[in-house]
Chemist: 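Pasting a structure below so you can have a look.
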Amino acid sequence: MASRAKAELRELAFWADMLTDDEAERARRGVSERHFAAGSYICHRGDKLDHWTGVVSGLVKIGAISATGKAITFAGIGAGGWLGEGSVLKDEPRKYDLVALRNTRLAMMSRPTFMWLFDHSVGFNKFLVTQLNERMGQFIATIEHDRLHDPTARVARNIAWLFNPVLYPGVGQHIDITQEELAMLAGLSRQIVGRSLRTLEEAQLLKVERAGLTVKDIERLSTYEGD
DNA sequence: TCATTAAATTGTT
DNA sequence: AACAATTTAATGA
């Protein structure tokens, strides 16, 4: 049977099941919770935030300001997503900005705890490898994404991020997200996002609801390139 | 349970 | 960006 620590940890992190009871207890002690209000910065590029960070609830944007002054979004992270393993592993400052797009609860694991799990836990390393691999795939896709000027394609790609079954095992067909939040993620205006969503709905890729949407065809959505 | 009001979300110019 | 229309949530009888 599972330990109490593991049950507690599972509330914050789905990968708790991949740890032994002993490891879970150690992990639980090294994780604390923090809250960020909508619109606030969790960290700026260059900060030395040496915590591995999980989104318990809410929505976080990973991005940066380019040399030309344009805001670029690398990825959106929804509830269940974990980020920052690169900065923690290499003990480097963050190379990107983190912004809470809505009120967000974060689980933050201290670097010593992270390193201990990295050294001792097979389950944790398995999780890390799949996580890094999936990130890499998403990153490759993002490079292409930047060349996509069709706003509908950008919206589609941004939605697909939030439905990645490897990164977010719990997510079903539906998520709660407003068109305004999607606009901030994709770097588009709210009305363009609204129009794009209707286009995607007409193409039978998803169903638009109030303050949310349901995906009908995640495969075609993630590869959508416009008309 | 229903009616009223406030707040949030989306559509339109 | 501002305004209007619509839907949901909260309140209290």
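Residue numbering restarts at 1 for every chain, and letters A, B, ... go by the order of the sequence lines. Fair warning: this is a prediction, and the values are worked out from it, not measured in the lab.
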Chemist: In this structure, which one of L162(A), T53(A), N164(A), I62(A) forms a side chain to side chain contact (heavy atoms under 4.5 Å, CB included) with I77(A)?
Modeler: I62(A)
Chemist: I'd like to know if E85(A) pairs up with R135(A) as an ion pair, taking the criterion as any Lys NZ or Arg NE/NH1/NH2 lying under 4.0 Å from an Asp or Glu carboxylate oxygen.
Modeler: yes
Chemist: Here's a test of your reading of the structure: between Q191(A) and E180(A), which maps to the more 5' nucleotide of DNA chain B?
Modeler: E180(A)
Chemist: Mark yes or no for a side-chain to base donor-acceptor pair under 3.5 Å between R210(A) and dT7(C), with no hydrogen or angle criteria applied.
Modeler: yes
Chemist: Report yes if a side-chain nitrogen or oxygen of R198(A) is closer than 4.0 Å to either non-bridging phosphate oxygen (OP1 or OP2) of dT12(B); otherwise report no.
Modeler: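 The answer is yes; a side-chain N or O of R198(A) sits under 4.0 Å from OP1 or OP2.
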Chemist: Are OP1 or OP2 of dG11(B) and a side-chain N or O of Q179(A) less than 4.0 angstrom apart?
Modeler: yes
Chemist: Which whole-number value in Å describes the distance from I177(A) CD1 to dT10(B) P?
Modeler: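 I177(A) atom CD1 is separated from dT10(B) atom P by 10 Å.
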Chemist: In whole angstrom, what separates L182(A)'s CG from dG11(B)'s P?
Modeler: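 Going from L182(A) (CG) to dG11(B) (P), I get 12 Å.
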Chemist: Nearest whole Å is fine: how far is dA1(C) P from R190(A) CZ?
Modeler: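 For the pair R190(A) CZ and dA1(C) P, the rounded distance is 10 Å.
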Chemist: Roughly how many Å is it from CG in L188(A) to P in dA1(C), rounded to a whole number?
Modeler: 14 Å
Chemist: Have S110(A) and T113(A) got a donor and an acceptor in their side chains that come within less than 3.5 Å?
Modeler: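 Yes.
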Chemist: Under a 4.0 Å N-O cut-off, is there an ion pair linking R4(A) with E8(A)?
Modeler: yes
Chemist: Taking CG from L197(A) and P from dT9(B), how many angstroms apart are they, rounded to a whole number?
Modeler: 15 Å
